[in-house]
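Below is one structure, written out as structure tokens; the observations come after it.
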Amino acid sequence: MELLEFSPESFRDESLRLAKLVESSGWRPDCVAYLAKGAWQIGEVCADYFSTPVIELSAHRSGEAAKTGAHCFLRVLPRSVRKLLREMELRKRLSSFDGNSQKKTMRLTDRFELPVEAARILIVDDAADTGSSLIAAKGFLADLWPASEIKTAVINSFGHARLSGAVDYSLHEDVLLCTPMSKDSRYYEEATRSYKAGPQ
């Protein structure tokens with residue numbers, strides 16, 4: 001399986017490509033929502049491109065604490081080993097997915113002000129494996145704005161997410177990503193500082 005690695009600059013370019021992919025379909029959002037924290041750069045790039053408000057959603061993700069503690073160790077491993085570990089983690093998630101056990105709890109963060117209304121919302125994320133996070137985000141936003149049209153766009157998607165209908169736009173299919181916000185990325189600390197500095 002191919003592993004795509006990004007610097008902050010190349011990931012910004014990739015995020016812009018995603019915005020243009022959405023635009024090429026003839027559909028334009030009037031609000032962009034992204035999943036924290038991994039998709040913050042995608043969200044801000046897309047919101048800037050479409051000149052729309054942006055909001056941040058946060059989901060509880062199982063296993064996050066373990067990965068947080070190990071990220072310094074992971075970063076120094078050879079690329080081939082990091083790739084193998086990613087493949088193993090992905091296979092484990094996909095094989096254990098039953099449509100119910102991985103439901104996520106979504107909430108709005110206070111990073112941005114909530115728009116009064118939103119007729120067309122674009123949810124963006126870096127990758128969708130099972131699609132459970134995107135489905136939870138769509139349900140959460142549909143409760144806030146019942147009349148809104150909600151679509152999703154990701155840098156990469158896997159078959160489970162596509163078959164579930166969770167993904168409307170995807171730049172890549174069935175690849176592994178190492179983005180600046182991946183804990184084994186050599187850009188992780190720089191990206192984290194940029195995120196903590198707030199909207200640019």
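Numbers for residues simply follow the sequence, beginning at 1. Computed over heavy atoms, backbone and side chain alike; hydrogens, waters and symmetry mates excluded. Being a predicted model, the structure only gives us computed values, none of them experimental.
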With a 3.5 Å distance limit and no angle check, can you tell me whether [X] reaches the backbone of [Y] through a side-chain donor-acceptor pair?
X: Ser157; Y: Ser170; value: no
X: Asp126; Y: Thr179; value: no
X: Gln41; Y: Pro8; value: yes
X: Asn156; Y: Val175; value: yes
X: Asp30; Y: Arg120; value: yes
X: Ser148; Y: Ile150; value: no
X: Thr152; Y: Ala166; value: yes
X: Ser185; Y: Met181; value: no

Just so I know, are the side chains of [X] and [Y] near enough to count as touching, which here means a heavy-atom distance under 4.5 Å?
X: Glu44; Y: Phe112; result: yes
X: Cys178; Y: Leu4; result: no
X: Val154; Y: Leu171; result: no
X: Tyr49; Y: Val32; result: no
X: Asp174; Y: Met1; result: no
X: Ser194; Y: Trp40; result: yes
X: Phe11; Y: Ile42; result: yes

Legend entry - Arg107 vs Glu56, salt bridge (Lys or Arg N to Asp or Glu O under 4.0 Å): CA-CA, chis, key distance, verdict: CA-CA 9 Å; Arg107 67 175 183 84; Glu56 181 182 72; over 6 Å; no
If you compare all heavy atoms of [X] against all heavy atoms of [Y], which two are closest, and at what distance to 0.1 Å?
X: Pro199; Y: Arg111; result: N-NH2, 3.8 Å
X: Ala33; Y: Leu57; result: CB-CD1, 4.4 Å
X: Val116; Y: Trp145; result: O-NE1, 3.5 Å

Inset, instruction - For the pair Lys138 and Asp143, evaluate salt bridge (Lys or Arg N to Asp or Glu O under 4.0 Å) and give the outcome as yes or no after the intermediate values. - result: CA-CA 9 Å; Lys138 287 176 78 170; Asp143 287 342; over 6 Å; no
Inset, instruction - Would you mind telling me which of Val54, Leu122, Val45 makes a side-chain contact (heavy atoms from CB on, under 4.5 Å) with Tyr34? - result: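 So the option named by the test is Val54.
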Inset, instruction - Examine Arg12 relative to Phe6 and say whether NZ or CZ is less than 6.0 Å from the centre of the six-membered ring and inside a 45° cone about the ring axis. - result: no
Inset, instruction - Decide whether Tyr188 and Ser182 meet the rule of one side-chain donor and one side-chain acceptor closer than 3.5 Å. - result: no
Legend entry - Listed partners of Asp48 passing salt bridge (charged side-chain N to carboxylate O under 4.0 Å, His left out), at least two apart: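 Here no residue qualifies.
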Legend entry - All salt bridge (charged side-chain N to carboxylate O under 4.0 Å, His left out) counterparts of Arg28, not counting sequence neighbours: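 Counting only residues at least two positions away or on another chain, Arg28 forms a salt bridge (charged side-chain N to carboxylate O under 4.0 Å, His left out) with Glu23.
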Inset, instruction - I would like to know whether Arg17 and Glu14 meet salt bridge (Lys or Arg N to Asp or Glu O under 4.0 Å); could you show each step before the answer? - result: CA-CA 5 Å; Arg17 285 184 61 211; Glu14 198 77 346; 3.1 Å; yes
Legend entry - Same apolar cluster: Tyr169 and Ile155, side chain cutoff 4.5 Å: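 Result: yes, single cluster for both.
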Legend entry - Nearest-0.5 Å distance that lies between atom SG in Cys46 and atom NZ in Lys20: 11.5 Å
Inset, instruction - Flag the pair Glu189 and Lys183 as a salt bridge only when some basic side-chain nitrogen lies within less than 4.0 angstrom of an acidic carboxylate oxygen. - result: no
